[in-house]
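Remarks on the structure that follows.
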Amino acid sequence: MTERELDEILTHRWPLVLRATMAGTDEWLKGFVRSIARHGKRASWRPSPRQEQIMRRLVAELGTAPAQNIEVIEG
């Protein structure tokens with residue numbers, strides 16, 4: 001994973017992954033996502049190959065997840 005890809009994921013995509021994961025029931029996954037968010041704040045941190053694999057899978061799944069019912073509030 002390049003530095004640019006990591007920045008893109010942590011800055012733009014990881015907050016969405018974090019929110020989606022926290023709505024679920026998988027406690028291990030919740031801990032993993034929080035851990036990546038915490039580690040990602042350190043400039044020198046790089047994900048391990050296994051962490052990178054899981055991160056890429058979660059980002060990909062988020063992009064292909066069916067849209068949930070979103071209630072539009074008209075003003």
Side-chain angles (χ1 to χ4, degrees):
M1 179 178 296
T2 66
E3 196 69 33
R4 184 176 176 154
E5 286 176 311
L6 183 59
D7 286 345
E8 163 79 19
I9 288 173
L10 291 175
T11 303
H12 299 290
R13 304 201 189 283
W14 207 249
L16 299 173
V17 170
L18 185 62
R19 276 187 237 126
T21 302
M22 290 315 192
T25 58
D26 187 335
E27 293 302 319
W28 181 88
L29 193 55
K30 287 180 183 182
F32 174 80
V33 170
R34 282 192 302 255
S35 173
I36 296 298
R38 196 170 39 251
H39 289 303
K41 293 178 183 179
R42 293 194 331 253
S44 63
W45 179 79
R46 302 284 297 163
S48 71
R50 181 69 176 142
Q51 287 172 324
E52 181 181 335
Q53 180 185 22
I54 295 169
M55 289 171 69
R56 287 185 186 276
R57 182 178 55 86
L58 291 172
V59 169
E61 287 176 1
L62 181 66
T64 59
Q68 297 179 2
N69 294 337
I70 299 173
E71 183 178 336
V72 177
I73 301 174
E74 295 181 25

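Just so you know, these numbers use all the heavy atoms, side chains as well, and skip hydrogens, waters and symmetry mates.
Taking a cutoff of 4.0 Å between a charged side-chain nitrogen and a carboxylate oxygen, E52 and R56 qualify as a salt bridge.
Side-chain contact check for I54 versus R57: some heavy-atom pair is nearer than 4.5 Å. The side-chain heavy atoms of L58 and E61, taken from C-beta on, include a pair separated by under 4.5 Å.
L16 contributes atom CG, which lies 8.5 Å from atom CZ of R13 (distance to the nearest 0.5 angstrom). If you take CD on Q51 and CD1 on I36, they are separated by 4.0 Å, rounding to the nearest 0.5 Å.
Shortest non-hydrogen contact noted between L10 and W45 is CD1-CZ3, 4.3 Å. Minimum interatomic distance between M1 and I9 (heavy atoms only, all atoms of both residues): CE-CD1, 3.8 Å.
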Contacts under 3.5 angstrom, residues 18-27 side chains, donor-acceptor by atom type, not counting sequence neighbours:
unit_1 : atom_1 : unit_2 : atom_2 : d
T21    : OG1    : V17    : O      : 2.8
D26    : OD1    : W28    : N      : 3.1
D26    : OD1    : L29    : N      : 3.1

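Counting non-hydrogen atoms of neighbouring residues, nucleotides and ligands closer than 6.0 angstrom, the CZ atom of R4 reaches no more than 12 such neighbours.
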